[in-house]
Amino acid sequence: MSDRYEPQEIEKKWQAKWDAAGVDLACEEPSDTRESYYCLEMFPYPSGSLHMGHVRNYCLGDAVARYKRMHGYNVLHPIGWDAFGLPAENAAIKHKRPPAEWTYHNIDQMRGQLRQLGLSYDWSREFATCQPEYYRWEQWMFTRLVEKGLAYRKEAEVNWCQPCHTVLANEQVVEGACWRCDTPVERKNLAQWFIRITDYAEELLADLDKLTGWPEKVIGMQRNWIGRSTGAEVSFGVEANGKQSDETLDIFTTRPDTLMGVTYMAVAAGHRLAKKAAESNPELAKFLHECSHISTKEADVALMEKRGMDTGFKAIHPITGETVPIWVANFVLMSYGTGAVMSVPGHDERDHEFAHKYGIPIRQVIRPVDGEWDVQEAAFVDTGVLVNSGQFDGLASVEAKAAITGYLVSESKGEERVQYRLRDWLVSRQRYWGAPIPVIYCDDCGMVTVPEDQLPVVLPEELQPTGGASPLAGCEAFVHVDCPECGKAARRETDTFDTFMESSWYMNRFTSPCSESMVDAAAMQRWAPVDQYVGGVEHAVLHLLYARFYHKLMRDAGLFTSAEGGDEPFRNLLTQGMVLKDGAKMSKSKGNTVDPNAIIGKYGADTARLFTLFAAPPEKDLEWSDAGVEGANRFLKRVWRLMESATASPAGEDNQAAVRALRLTIHTTIQRVTHAFEHGFAFNVAIAALMEMSNALIAFEPKGEKGLAAVREGLQALAAMLAPFVPHFACELGERIGMQKMAVVADWPVVDEAALVQDEITLAVQIQGKRRGEITVAKDADQETAMAAAKANQSIAKWLDGMQIVKVILVPGRLLNIVVRPE
RNA sequence: GCCGGGAUGGUGGAACUGGUAGACACAAGGGACUUAAAAUCCCUCGAAAAGUAAUUUUCGUGCGGGUUCGACUCCCGCUCCCGGCACCA
């Protein structure tokens, strides 16, 4: 047995022992009566090698999984690979090797790194999403969605990223640019596949209330993204060339109370009426053309000057019958509401600016509840009381909304309406390295989904991508297929799925990774939903929204019920902060990365784990510090020496009070560390408590049996409580001090209430709330006794001199506060 | 503009439900051991003032008020920083 702490040796040794004993496997035996617990970290994209962000993410999750195991739970803690995606294609172009090869090579490398870290994964459940056995179920699900009308193909204006040569979902456009390559996206009209997430908008919003274990921040971001507004849809008549036409102009408004203030209408450049007007108006056609080109960069849209042009058409007001001009305006979005708005310059800043610029009348229909307002100067956007609104005069805005909407409903010119910002999820991509969309186009039968018995549609893995059009389109063997309905020659869809499709349901597949159906309902019953999910906040409206949606799709496809898998996939969510170096996120381009391998090689996995957990609270950013890593390593070495010095066998008498004090420290530490695990995972605080305890153990010198027993008790508790953080070290420590079980499977230490009882306690003494000294009294001393002790204490007594005691407050176990005033 | 989260020593951060602010670490300074270095161990470490000294006093959790015997913590009003969304009708 080596005397020095040799992390490389002991880490290899214990990893082998854990594997041999199968301690990390989730148990599927029906006879296992332990409560189940599902702990999951966001699975990695196999980019090449682990970075510190991964290390932090997985160490956090591992600490939770290990703690729960020690607490007697049957824990499911799986890992796999989010293996489809663009970087593999780019690497394939660069190295002239198929993306599959690159991907599997990276998986091997990263698996090795995860193993080195000693993470307690159930490796028997590992899968990669690029395996046909995985994506076949996604294809199967998609065909079901098409049948139910929940997935559809439609030509629409979509986001196009030129460098990535593909369309993007709205969620993948960040500040007008591609989330991957940061290039501003363009708008293009293309036929694409969508999934009807908007059908679930209401449930996705309402169920946010069930997510009591999620950070407010993420809930807020999702709520914001779904963007529910209530108002009315209003139908205006349309007059062309002085004659009323059959057409109507429908708009959505959240302010029906301002309807009487409409002085013009505005439609988007892509609106039907705008196009129609342009047919006979070349200048307008030119303007529409400009609008469609200028609006390619979303980021610029908000800053753009407001411009517009009269279509010549008039709208007929649904209540007054008055006609107002219909304009085309570059600020009206085709993709929200109906692509048209009613304009009330008196009560909307944007409309005011526009009306002012083009000399359109501004009419006041709302006045402040008290005070005056001149709408010619500026729009009054608050709610108030209606004026100049005929029969609605005098109503408050709130009442007027109901009254006006009610009137429109009775006249069949409008209805109450809920509008969402959320748009349907665009899931097709013009990329090669993804799951093929299981659809066939037949000249006779049209679009046909691939029948279940012909799934999976396997992606040919040997093709060479070029960065331009997907090589799938040029792959005859893939494209040519017989129509499943009529048997004639037909063509396959060559687009693939957005990779967020794979990551939207992997958490459910882990419950039964080999199931001969998409998921096994009994396994869902046992494991789902995920009890604790851990990952980065950057997926707040991407993965975390899609996964919630997909979970509900699976439920509604009858794959499991609410009782089996729940309505939500993740019960509790921990969003960890980023790992920074020199104040910036670690990145290759900035050159401020720290290689996990180098840290593990120099200090061992346990030191790497300990530092990432100790240096900051989980949800905050972590500033990398080489000195901090040294510090974490020093702590382990101190405990190592402590262990070696505790094997002495002195034959003297211990100071009773010192032994009791040590046991008090041990058991308050158990309390504190347990509390950290049960409330918010403040591992930095838990580790600090363990450091304090080890400091107390180091300071204590056992002189006899009792002292030695207390030290052993402390060391055992220390080994057990260190196990979730530094499992190899904890096991080695446990073995050397003679623990029966491996530390990682030991029972979590239990607080000995008797050890917490103190005969004497120290009370802080305050005069007027200011600390003036402290006294030691019996633990159940009453106020009188405490006061007597305080008066007997010189440094306290001098403050009472010449003072009259007005009031005395005793906070048991904490302090005595004496309120005085001059006599 | 809207929504969320913050602000505590030189630094990262502690502080239960309103009860001894600065735990635990890092850095820094001093010392021990050593031929020397590394490693290790010990001491000091919020600011200011007084004292030879032990020590004592005052101030101190972004700013201004308030509630309370007592406020980092609660209330009102601000400032600044970070993250997200934003011509959404």
Side-chain angles (χ1 to χ4, degrees), chain A residues 174-175 215-225 227-229 231 251-255 258 266 268 295 298-299 301-306 329-333 335-344 348-351 353-354 381 419-423 537-538 540-541 575 577-578 611 614-617 619-632 634-635 637-638 641 671-672 675 679 682 684-695 698 762-774 795 798 806-820:
Chain A
V174 180
E175 289 179 0
E216 275 302 315
K217 182 184 183 178
V218 177
I219 304 255
M221 281 165 75
Q222 290 213 356
R223 185 167 282 137
N224 205 333
W225 190 263
R228 183 183 201 268
S229 334
I251 59 94
F252 171 73
T253 179
T254 55
R255 291 294 301 274
T258 65
S295 66
E298 282 208 343
V301 170
L303 307 166
M304 211 160 60
E305 192 199 350
K306 286 171 187 37
N330 63 351
F331 64 82
V332 180
L333 302 173
S335 51
Y336 183 79
T338 59
V341 295
M342 67 178 205
S343 295
V344 186
D348 180 281
E349 279 170 7
R350 202 180 29 201
D351 296 346
E353 186 188 333
F354 193 85
V381 297
Q419 186 69 42
Y420 299 93
R421 207 191 74 106
L422 183 71
R423 282 171 260 165
V537 75
E538 65 272 18
V541 286
T575 50
M578 292 185 296
F611 172 73
F614 178 62
E619 63 284 351
K620 288 190 90 175
D621 288 349
L622 182 158
E623 175 68 35
W624 186 265
S625 153
D626 291 329
V629 178
E630 292 272 1
R634 262 201 298 274
F635 167 68
K637 288 198 273 193
R638 267 202 300 274
R641 282 195 302 273
Q671 231 175 10
R672 291 167 68 188
H675 184 266
H679 301 97
N684 55 326
V685 184
I687 292 167
L690 290 171
M691 286 175 171
E692 277 184 69
M693 178 173 131
S694 86
N695 288 345
I698 289 165
T762 303
L763 285 182
V765 180
Q766 298 182 333
I767 313 288
Q768 321 286 59
K770 279 195 200 299
R771 188 177 184 279
R772 295 301 181 193
E774 58 182 41
S795 56
K798 73 178 180 191
V806 179
K807 194 175 175 184
V808 178
I809 296 124
L810 176 73
V811 183
R814 293 206 175 267
L815 59 78
L816 180 75
N817 188 14
I818 305 164
V819 186
V820 296

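Letters A, B, ... mirror the listed sequences (proteins, then strands); counts begin at 1.
For RNA chain B, runs of at least 3 consecutive pairs of the Watson-Crick or G-U wobble type, with both hydrogen-bonding distances under 3.5 angstrom, map to B:1-7 with B:79-85, B:10-12 with B:24-26, B:28-32 with B:40-44, B:46-50 with B:55-59, B:62-66 with B:74-78.
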Heavy atoms under 4.0 Å is the rule here; annotate nucleotides 38-49 of chain B 5' to 3' with B where the base is hit, S where only the sugar-phosphate is, and - elsewhere.
-> --SS--------
Per-nucleotide protein contact string for nucleotides 12-19 of chain B (B base, S sugar-phosphate only, - none; heavy atom under 4.0 Å) | SSS-B--B
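Using a 4.0 Å heavy-atom criterion, one finds that A:N695 contacts the sugar-phosphate atoms exclusively. Note on A:V819: only backbone sugar-phosphate atoms sit closer than 4.0 angstrom, heavy atoms only; bases stay farther off. Residue A:V765 is out of contact with every strand shown, counting any heavy-atom pair closer than 4.0 Å. Here A:S229 lies in heavy-atom contact (under 4.0 Å) with sugar-phosphate atoms only.
Nucleotide B:C2 holds its P atom 23 Å from the CD atom of A:Q222, rounded to whole Å. Atom pair A:M221:CE and B:C3:C1' shows a separation of 10 Å (rounding to whole Å applied). If you take CZ of A:R771 and C1' of B:C72, they are 18 Å apart, rounded to a whole angstrom. For A:K770 and B:U58, the NZ to P distance is 7 Å, given to the nearest whole Å. Between the CG atom of A:D348 and the P atom of B:G1 there is a distance of 17 Å, given to the nearest Å.
No side-chain donor-acceptor contact under 3.5 Å links A:R638 and A:S694.
Of the candidates B:U20, B:C24, B:A89, the closest approach to any side-chain atom of A:V341 belongs to B:A89. Distances from the side chain of A:E216 to the nucleotides B:G5, B:C24, B:A89 place B:G5 closest.
Side-chain contact between A:F614 and A:F635 is absent, with no heavy atoms from C-beta onward closer than 4.5 Å. Put simply, the side chain of A:V537 reaches to within 4.5 Å of the side chain of A:K217, judged on heavy atoms. Proximity of A:L622 to A:F611: side-chain heavy atoms (C-beta onward) are separated by under 4.5 Å at one or more points.
With sequence neighbours excluded, the residues satisfying salt bridge (charged side-chain N to carboxylate O under 4.0 Å, His left out) with A:R223 are A:D209. Every residue meeting the side-chain hydrogen bond (donor to acceptor under 3.5 Å, both in side chains) condition with A:R672, not counting sequence neighbours, appears here in chain and number order: A:E692. Residues satisfying the side-chain hydrogen bond (donor to acceptor under 3.5 Å, both in side chains) criterion with A:R634, sequence neighbours excluded, are absent altogether.
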